[in-house]
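A short write-up of the structure that comes next.
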Protein chains: 2
Amino acid sequence: MRAPQKPRLRAADDAVSEFTTARLSLYLRCLEALDAAGTRTVSSTALAERLRLNAAQIRRDLAHFGELGVRGVGYDVKELRRHLRQILGVDRSVHVAIVGAGNLGRALADYAGFRREGFDIVSLFDTAREKIGQSTRGGVLVRHLRELPALAGRERIDIAVVAVPAEAAQEVVDAVVGAGIRAILNFAPGTPHVPSHVKLRNVDLALSLESLSFFLAQEKHAKAERS
Amino acid sequence: MRAPQKPRLRAADDAVSEFTTARLSLYLRCLEALDAAGTRTVSSTALAERLRLNAAQIRRDLAHFGELGVRGVGYDVKELRRHLRQILGVDRSVHVAIVGAGNLGRALADYAGFRREGFDIVSLFDTAREKIGQSTRGGVLVRHLRELPALAGRERIDIAVVAVPAEAAQEVVDAVVGAGIRAILNFAPGTPHVPSHVKLRNVDLALSLESLSFFLAQEKHAKAERS
DNA sequence: CTCTGTGAACCACTTCACAGCA
DNA sequence: TGCTGTGAAGTGGTTCACAGAG
């Protein structure tokens with residue numbers, strides 16, 4: 001075994017936090033913009049200003065994955081972009097299936113932002129007889145959920161998006177896990193249970209609004225108390 | 001000024017963290033379910049088991065707002081539910097406007113989960129001439145964005161949901177802020193800037209998928225390294 | 001001199017453990 | 001005894017500050 005003289009991209013040994021992960025996506029977007037603008041190198045300070053973050057935090061986030069920068073110079077935009085795409089696993093197309101062909105599911109199936117970032121919406125599933133065989137405006141075909149296991153293997157589905165009513169969520173998540181899918185983005189309220197080898201991420205829309213409502217309520221209480 | 005002998009609901013003096021805020025919503029949902037099931041009191045341990053959280057954390061979260069529980073007994077379900085609704089500001093209907101009548105905006109306008117949690121979708125705005133005057137399936141009328149300032153005052157809009165393309169986001173956010181709205185839920189990628197008195201919360205769909213993709217990529221790298 | 005990568009300090013959220021009340 | 005509310009300890013993410021590479 002030969003020793004690589006300069007291991008540019010190291011696999012993160014110590015687990016990387018969710019916070020870091022979320023920021024990596026922001027860095028990548030910023031680099032896409034910089035690259036499009038023809039910028040060749042960028043310093044952590046410059047990135048930090050654009051993203052309104054702390055420069056040390058950016059350096060620490062990136063340092064998890066090797067010595068990606070050059071001292072005295074900064075980071076090469078094209079190279080760092082390539083590394084981040086590899087780190088985030090979007091250096092090849094990522095296959096996504098959506099379960100739930102309601103308003104939200106169909107909107108997500110046609111959401112342009114997914115394609116732009118390298119995600120490929122492979123199929124949309126539902127169980128309602130009248131929806132099967134229809135297509136969304138964007139041209140995604142609705143299939144019956146029972147076809148998921150077969151398609152998961154054939155189409156190599158990486159991620160399932162769950163956009164069904166709360167009552168059906170656990171059942172659907174179980175089906176998704178049963179089909180061998182190991183990453184789930186769930187829009188149904190109330191955190192379904194998944195085995196430990198499956199990664200679940202929740203987007204709770206009502207909760208998001210409630211956190212804003214809380215902010216407004218706190219303002220009001222504070223004002224009332226001051227008088 | 002008279003001193004209340006037992007201030008049951010105290011306004012949180014020390015600022016409450018975003019983490020706590022998010023959990024308060026979960027507690028509220030759990031209590032709605034318990035109340036519907038006829039349960040009268042609940043202990044932090046029981047809540048913790050249901051939500052798979054630490055009991056001390058629940059007690060600490062709630063203690064921010066006064067002595068809401070009874071030692072030796074637990075929390076009164078109905079009473080805590082009422083308190084949480086008040087704390088989260090959902091004890092009265094919260095008026096929400098959505099900007100962007102694309103697929104996502106229309107899906108959000110008709111999303112049943114919002115109404116269920118006490119949010120009232122007052123109006124949907126866009127600037128595309130052909131969309132103005134249309135209604136969503138759910139019956140929400142699309143108005144021109146220039147009507148927002150007038151409607152914001154008249155309908156007392158509390159929260160704006162921004163569901164427009166990334167390029168338009170900053171402009172729309174500025175319009176929303178200009179209309180006097182102080183809380184924004186933004187679905188466009190790339191964190192627009194808001195003045196400090198406005199609360200902005202981002203839901204970044206592509207970023208959420210990327211964090212899952214990252215997880216899958218890490219698994220793959222770990223496996224490759226082990227061999 | 002500039003800018004990265006990182007030990008050490010800092011800070012915030014979480015959890016433990018227990019005093020204190022019913 | 002049972003369970004809350006909370007000081008104190010633990011954990012982990014962030015920021016500082018600087019050594020060291022270019």
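Quick caveat, the model's predicted, so the values are computed rather than measured. Every chain is numbered from 1, with letters handed out A, B, ... down the list of sequences.
Annotation: side chain of A:Val173 is in contact with side chain of A:Val177 (closest heavy-atom distance under 4.5 Å).
The pair A:Lys220-B:Asp158 does not count as a salt bridge, with every side-chain nitrogen at least 4.0 angstrom from each carboxylate oxygen. A salt bridge links A:Arg182 and B:Glu219; the closest N-O separation between the charged side-chain nitrogens and carboxylate oxygens is under 4.0 Å. Looking at B:Asp35 and B:Lys78, a side-chain N of the basic residue comes within less than 4.0 Å of a carboxylate O on the acidic one, giving a salt bridge.
Picking from D:dT6, C:dC13, D:dC18 the nucleotide with the shortest atom distance to the side chain of B:Ser17 gives C:dC13. Picking from C:dT14, C:dT15, D:dG5 the nucleotide with the shortest atom distance to the side chain of B:Glu67 gives D:dG5. Of the listed nucleotides (D:dT14, C:dG5, C:dT14), C:dT14 has the atom at the smallest distance from the side chain of B:Arg23. Minimum atom distance to the side chain of B:Ser43 is reached by D:dT4, of the listed D:dA17, C:dT4, D:dT4. With C:dC3, D:dG13, C:dT15 as the candidates, the nucleotide lying closest to the side chain of B:Asn54 is C:dT15. Listed nucleotides: D:dG5, D:dT14, D:dG22. Nearest to the side chain of A:Arg71: D:dG22.
The distance between atom CZ of A:Arg52 and atom P of D:dT14, rounded to the nearest whole Å, is 18 Å. Counting to the nearest Å, the P atom of C:dC11 and the CZ atom of A:Phe19 are 18 Å from each other. We find that CD of B:Glu18 is positioned 10 Å from P of C:dC13, with the value rounded to whole Å. For the pair A:Asp61 CG and C:dT6 P, the interatomic distance rounds to 13 Å; values are reported in whole Å. With rounding to whole Å, A:His64 atom NE2 is found 13 Å from D:dG12 atom P. The CD-P distance, from B:Glu49 to D:dC3, rounds to 11 Å in whole Å. At whole-Å resolution of the value, CZ in B:Arg59 and P in C:dC21 are 16 Å apart. Rounded to an integer number of Å, the gap from CD of B:Gln57 to P of C:dA17 is 17 Å.
Look at A:Tyr75 and you'll find a side-chain N or O under 4.0 angstrom from OP1 or OP2 of C:dG5. For B:Ser44 and D:dT4, the shortest distance from a side-chain N or O to OP1 or OP2 is below 4.0 Å.
At a threshold of 4.0 angstrom between heavy atoms, the contacts of B:Thr45 with the nucleic acid are absent.
Closest-nucleotide positions on DNA chain C for A:Arg60 and A:Val73 were compared, and the one nearer the 5' end corresponds to A:Val73.
For the pair B:His95 (side chain) and B:Glu155 (backbone), a donor-acceptor distance under 3.5 Å is present.
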